[in-house]
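Remarks on the structure that follows.
Chain identifiers are assigned alphabetically (A, B, ...) following the order of the sequence lines, protein sequences preceding nucleic acid strands; residue numbering begins at 1 within each chain.
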There are 2 protein chains.
Amino acid sequence: MSIDEKNDRIFKALAASSRRTMLDMLKDHPQTTGELCARFPALDRCTVMQHLKVLEQADLVIVRREGRERWNYLNPLPIKEIHDRWIGPYAVQAVSLLGRLKEDLEG
Amino acid sequence: MSIDEKNDRIFKALAASSRRTMLDMLKDHPQTTGELCARFPALDRCTVMQHLKVLEQADLVIVRREGRERWNYLNPLPIKEIHDRWIGPYAVQAVSLLGRLKEDLEG
DNA sequence: CCATTATGTTATAAAAATATAACATGTCAA
DNA sequence: TTGACATGTTATATTTTTATAACATAATGG
């Protein structure tokens with residue numbers, strides 16, 4: 001899979017707020033699929049699993065099977081990747097834009 | 001509009017690679033809608049305009065009308081916002097994860 | 001072993017995003 | 001003024017994403 005495809009999967013995975021919330025939930029400690037489902041009472045279990053699949057395919061969630069349970073682990077590396085190669089530079093540009101604005105106001 | 005809604009619009013706007021490419025194109029200098037269309041031969045003009053609308057509603061593109069032309073400006077601030085309040089912390093976590101891995105390998 | 005629990009699979013419905021077509025408006029320049 | 005050009009609008013088709021239902025497997029504990 002190309003870098004662009006990977007990038008795209010990551011951005012697409014982050015596009016849904018439920019999925020971002022799932023990542024937030026996994027940030028402190030891994031959780032089983034059942035636990036995650038319990039924390040999304042509004043969503044059907046199948047829907048939660050579909051979201052997990054999208055996250056897994058973007059490599060944002062890594063799965064370890066243990067008995068009849070499935071532990072979902074957060075993998076923050078792909079986020080760091082898009083951060084480094086795409087988002088970071090924009091943030092820098094935004095800062096320098098603010099800097100220029102400030103200069104303009106002062107000067 | 002709430003902060004969460006804004007956040008969501010930004011992430012959704014960034015979810016399509018055509019739109020990210022458009023932002024990349026606007027990074028150096030603003031461009032008219034026509035210029036942008038010319039640089040996306042694969043896309044219909046209406047499609048390009050729809051994408052621009054999504055970017056505009058996420059406040060990622062700011063529009064200035066001049067005669068019969070429409071100039072599209074990049075606004076990197078919303079990207080900096082999601083960077084600061086969401087993506088950055090994950091990137092930090094990824095770094096510390098790599099750090100721990102390194103320690104484990106060394107220790 | 002067997003009922004329960006946790007998860008997986010396949011199909012399908014509903015909603016949203018993407019792409020295009022057809023027509024409309026406003027501006028410029030000759 | 002008038003025709004060409006740049007953009008805008010509305011409707012609709014296509015594709016993708018999101019949500020559910022129904023059924024299936026597989027491990028655990030009594």
Flag for A:N75-B:Y90: side-chain donor and acceptor within less than 3.5 Å: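 B:Y90 vs A:N75: no donor-acceptor pair found between side chains.
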- request: By nearest nucleotide on DNA chain D, pick out whichever of A:A15 and B:E35 is the more 5' one.
  value: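 Comparing both residues, the 5'-ward one is B:E35.
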- prompt: So which one's nearest nucleotide on DNA chain D is more toward 5', A:E66 or B:R65?
  reply: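 Of the two residues, B:R65 wins.
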Interatomic distance where CD belongs to B:Q50 and C1' belongs to C:dT20 [whole Å]: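 Going from CD in B:Q50 over to C1' in C:dT20 covers 9 Å.
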Strictly below 4.0 Å: does [X] bring a side-chain N or O up to OP1 or OP2 of [N]?
X	N	value
B:T47	C:dT20	yes
B:H51	C:dA19	yes
A:R70	C:dA6	no
B:R45	C:dA19	no

field: A:M49 side chain, from C-beta outward: closest of C:dT20, C:dT9, D:dT18
entry: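 So the nucleotide nearest the side chain must be C:dT9.
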message: With a 6.0 Å cut-off (strictly less than), is the heavy-atom count around NZ of A:K53, excluding the residue itself, greater than 12?
response: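 Counting neighbours around NZ of A:K53, 12 or fewer heavy atoms of other residues, nucleotides or ligands fall under 6.0 Å, so no.
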query: Do NZ/NE/NH1/NH2 and the carboxylate oxygens of A:K12 and A:D8 come within less than 4.0 Å?
result: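 Yes, this pair counts.
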- prompt: Got a donor-acceptor pair under 3.5 Å from the side chain of B:R68 to the base of D:dG8?
  reply: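 Looking at the base of D:dG8, it does not pair with any donor or acceptor on the side chain of B:R68 (distance under 3.5 Å).
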query: Is the backbone N or O of B:T32 less than 3.5 Å from a side-chain atom of B:E35, with the two atoms forming a donor-acceptor pair by type?
result: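 The answer is yes, because a donor-acceptor pair under 3.5 Å joins these two groups.
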- prompt: When all nucleic acid strands are considered with a 4.0 Å heavy-atom cut-off, which category describes B:T33: base, sugar-phosphate, or nothing?
  reply: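 The answer is sugar-phosphate, as B:T33 gets under 4.0 Å only of primed atoms, P, OP1 or OP2.
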